[in-house]
Amino acid sequence: MEKPSQVTINSDGTLNVPDYPEIPFIEGDGIGPDIWRATRLVLDRAVTAAFGGARAIQWIEILAGEKAHARTGQWLPEETLAAIESHVIAIKGPLTTPIGEGMRSLNVAIRQKLDLYACVRPVRYIDPVPSPMRSPEKIDMVVFRENTEDLYAGIEWASGSEEAEALSEFLKTRMGAVLPDGAGIGIKPMSAKNTKRLVARAIAYALDHGLPSVTLMHKGNIMKFTEGAFNRWGYEVAKERFGDRTLTEAELYDRYDGTAPEGKVVIKDRIADMLFQQVLLRPEEYSVIACPNLNGDYLSDALAAQVGGLGMAPGANLSDKAAVFEATHGTAPKYAGLDKVNPSSLILSGAMMLDHMGWQPAAEQIRRALQTTVRAGTVTYDLARQIPGAREVSCSAFAEAVAENMGR
Ligand code: NAP
């Protein structure tokens, strides 16, 4: 019988990962080919270091962005989306957003078309990356950002447009709203269904990884029926689906004197502006943070800056059926083809992918070797300009150095 080569998904969401799975990759635009080449080398070496020849990834290229447009005339071919769906897992470099092509962003389009509703961004300090924090090692958080609704749903009309005027008229005459004349209007839809699946995923992650808390970040004091509802639905799903394994902060202090029993996750909530202060002043009190789309966009970049910048921050976009791992920065076109930039964001996203596949020993190889490499002062230009005495190497040489530090 032929050996299976595709990852499949069970009805309970668990994965069947064969020993030699086909994984599709999108190289990406701009610096994409450079960082993908570096990442592929590191991922392949990590799998070999962890499993000998008993496991290996069979990479298959799928097209999106400029390469897809040049070859097929389309920016995001249907076959690409179909391949991600059928292979369950994919990894991608950054994509240029074509201007004036009617597509808002290819990245947003991939997330929406595949219903990748959870954007997951772990934020952890890598010593000795320069950070504006006094104790950056206290930051160890994972942001779960809702990816499909909120002000990012793209429902908005320009000031003075027929649609904005018609909606304005409806809101004034039928709903009693007070609006300035000629306002542009954006709609902020937030639903119980989409909030609950996001928060449930964040709680399941905290439970699986033995993390102490999930914080619901919202601005419900002002936007009661959207952000306030996000908070309420978050607590509801914690009770409905994880009632025996979660407790509220009130229960923590009333019943357990402030110390959670083993195996229980504390659900807390914080107003968004206050949480921005807290992650600076008391970062050790936060581990998993679940938030609506816009809050999550701001918070994940702010946290990345607290540990030294986006060049090192990994990310994943998940649905119940597919997972796409990607660098969190853009295509940095001025460095395209120069073999210069830092590939760590995509490399660490690849490590998340290996975790997701259940290949944790390979993921650990990568995280350890990358830490060893940076600690030894072998870094790309972006870090070399900030770390006194560091040795600046190219993108590919950095990947080689990481690969060489595996198994040590
Ligand atoms: P960017 O590509 O992230 O680059 C901005 C700056 O960030 C670079 O000039 C560089 O700073 C630094 N940087 C980014 N990646 C780096 C890396 N790997 N190593 C070292 N430094 C790095 O942002 P942008 O210029 O605003 O966006 C360019 C294009 O990318 C746009 O078309 C945008 O739509 C797209 N984009 C795509 C994604 C995605 O695919 N997920 C995300 C964001 C943006 P220095 O010059 O100071 O060294």
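Treat the numbers as computed from the prediction; the structure is a model and nothing was measured. By convention here, the first residue in the shown sequence is residue 1. Whatever order the structure lists them in is the order used to number ligands and atoms, beginning at 1.
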(request) Name the orientation class of the two ring planes belonging to W59 and F25 (parallel below 30°, tilted from 30 to 60°, perpendicular beyond 60°). (result) perpendicular

(request) Report the member of T331, D382, I35, L106 with the shortest heavy-atom distance to atom 30 (O) of ligand 1. (result) T331

For ligand 1, find out whether one of its N or O atoms is nearer than 3.5 Å to an N or O atom of [X].
X	result
K334	yes
V341	no
G330	yes
T96	no

(request) Would you kindly specify which portion of R385 sits under 4.0 Å from ligand 1, judged on non-hydrogen atoms: side chain, backbone, both or neither? (result) side chain

(request) Heavy-atom distances under 4.0 Å are what count here, so tell me which part of N107 touches ligand 1: side chain, backbone, both or neither. (result) side chain

State whether a side-chain donor-acceptor pair under 3.5 Å links [X] with [Y].
X	Y	answer
Q6	T8	no
D115	S319	no
S396	D339	yes
D269	H218	yes
Y335	D34	no

(request) Report yes or no: does a heavy atom of K340 sit under 4.0 Å from some atom of ligand 1? (result) no

Can you list the atoms of ligand 1 that are under 4.0 Å from a heavy atom of [X]?
X	result
T97	32 (O), 34 (O)
K92	40 (O)
E326	41 (N)

(message) I want to check a possible cation-pi pair here: R55 against F51, using under 6.0 Å from ring centre and within 45° of the ring axis as the test.
(response) yes

(message) Whether K268 engages the ring of Y286 as a cation-pi pair (distance to the six-membered ring centre under 6.0 angstrom, angle to the ring normal within 45°) should be assessed.
(response) yes

